[in-house]
Number of protein chains: 2
Amino acid sequence: MDTEAAGTPSAEADTHPAVPDGELSLLLDDQMCFALYAASRAVTSLYRPILDELGLTYPQYLVLLALWERDQVPVKELRRALQLDYGTLTPLLKRLEAAGLLRRERQADDERTVRVGLTEQGIALRRRARAIPAAIGDAMGLDDEEFERTRATLRRLTRNVTARTEARG
Amino acid sequence: MDTEAAGTPSAEADTHPAVPDGELSLLLDDQMCFALYAASRAVTSLYRPILDELGLTYPQYLVLLALWERDQVPVKELRRALQLDYGTLTPLLKRLEAAGLLRRERQADDERTVRVGLTEQGIALRRRARAIPAAIGDAMGLDDEEFERTRATLRRLTRNVTARTEARG
DNA sequence: CTCTTTTAAATCGTGCGCAAGGTAATCGTC
DNA sequence: GACGATTACCTTGCGCACGATTTAAAAGAG
């Protein structure tokens, strides 16, 4: 009489007994995907009040993180760094341009590519953002080792999963 | 001459030297938030082709996971389980109702609450979903221990962070 | 040089996610 | 039983995400 798969100490067997081998729990709280989804949204809403003061949304903040590292970047490079679609990036960048934080201009020697550069205002915002990572890290309440290990695992997971989806694309 | 904070072996010090104590890296790839955000989206797009065959989106799948566990649920309970707003849930449930997978009806003894129940079609969909967790788990490429540990950490992170945001609400 | 293919970006439509504001039912207090 | 407060849900508006389609520029083939 099989119960649930190993490693998922749940009550699924009570309501849906005799799960065949090779199948895992369908309980919401057993899913890694839900843990990720919930954590990602929780962290985003932790950022929200902080970023509100800078007049930024969370994805806009990520764009600025990328631009503070390396300015005058082709949109294609932002697409790679953030793993976002042009359909997401183009309007996002337009809003940041409208806010006066960056400029978009076609590259002279290749009119296909658009280069994104920070304005003075965009550069200046970095000073106000410096305290953010420490505040967020504090709220997460993980010790250094757990923080690093989890971040490394998430990156590996992303890499594995991305390779898989692109193999089918 | 301070370099970057401990645990972040990055090149930030080169471009922005002398980061004061108590401040952490602003490099995109050093952020836990970005690792989470990227992983969550990557996993969602891993689900997409699978869920397409069931005619579901990813949040719709999560709702069904919750309903397969416990049917005839008040929307309030789904809100708690999925940690989603009514503004997200109401239209989402309406689309699932339009697809014939569930029914929504007011509770007789308290006309404020709406109870959600699966149709035969919604219940039947569970059979076709059984193979999903194993397929996803395989693509993630984490061994059992790392999987469990990361899931546990993410849940704790979510709990910590949620408590923080609610304390200010 | 012409024609095809590829590439970088933009556009459009759909479905979340969430804040803000609104409504109706119920509860609590008198 | 009147009435202000609370509760459960709905609606609206905005900003992502992402697939699908389109456009224009550049690269490559013959």
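We name chains A, B, ... by the order of the sequence lines, and we start the count at 1 in each one.
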message: Base, sugar-phosphate or nothing for Thr57(B)? Non-hydrogen atoms, less than 4.0 Å.
response: sugar-phosphate

- line: By nearest-nucleotide position on DNA chain C, the 5'-leaning member of Arg48(A) and Leu92(B) is Leu92(B)

message: Distance check needed: dG15(D) P versus Leu62(A) CG, whole Å only.
response: 17 Å

- request: Looking at every strand, decide which applies to Leu89(A) at a 4.0 Å heavy-atom threshold: base, sugar-phosphate, or nothing.
  value: nothing

query: Could you state the OH-C1' distance from Tyr86(A) to dC12(C), rounded to the nearest angstrom?
result: 18 Å

query: Looking only at side-chain N and O atoms, does Gln83(A) come under 4.0 Å of OP1 or OP2 in dA17(D)?
result: no

field: Integer-rounded Å distance: dG15(D) P and Arg41(A) CZ
entry: 20 Å

query: Quick one: on DNA chain D, does Lys76(B) or Gly87(A) contact a more 5' nucleotide (nearest heavy atom)?
result: Lys76(B)

query: How is Thr113(A) classified with respect to the nucleic acid when contacts are heavy atoms under 4.0 Å: base, sugar-phosphate, or nothing?
result: sugar-phosphate

message: Heavy atoms only, 4.0 Å cut-off, all strands: where does Asp85(B) land among base, sugar-phosphate and nothing?
response: base

query: To the side chain of Arg112(B), which of dC27(C), dC16(D), dT11(C) is closest?
result: dC27(C)

field: Given dC18(D), dG15(D), dA9(C), the nucleotide with the shortest approach to the side chain of Val114(A)
entry: dA9(C)

statement: Of the candidates dA9(C), dC18(D), dC18(C), the side chain of Val75(A) sits closest to dA9(C)

message: Nearest whole Å is fine: how far is dG17(C) P from Leu36(A) CG?
response: 14 Å

task: Please examine the side chains of Ile132(B) and Leu54(B), heavy atoms only from C-beta on, and report whether any two atoms are closer than 4.5 Å.
output: yes

- prompt: At under 4.0 Å between heavy atoms, what does Arg115(A) touch on the DNA or RNA strands: base, sugar-phosphate, or nothing?
  reply: nothing

query: Regarding Arg41(A) and the six-membered ring of Tyr37(A), is the cationic atom NZ or CZ under 6.0 Å from the ring centre and inside 45° of its axis?
result: yes

statement: CG of Leu67(A) to CD1 of Ile123(A), rounded to nearest 0.5 Å, is 10.0 Å

message: Rounded to whole Å, how long is the line connecting atom CD of Glu111(A) with atom P of dT7(C)?
response: 19 Å

- request: Round to a whole Å and report the spacing from CG of Asp109(B) to C1' of dC27(C).
  value: 14 Å

task: Answer with yes or no whether the side chains of Arg115(A) and Gln72(A) bring together a donor and an acceptor at under 3.5 Å.
output: no

query: Rounded to the nearest 0.5 Å, how far apart are CD of Glu148(A) and OG1 of Thr153(A)?
result: 10.5 Å

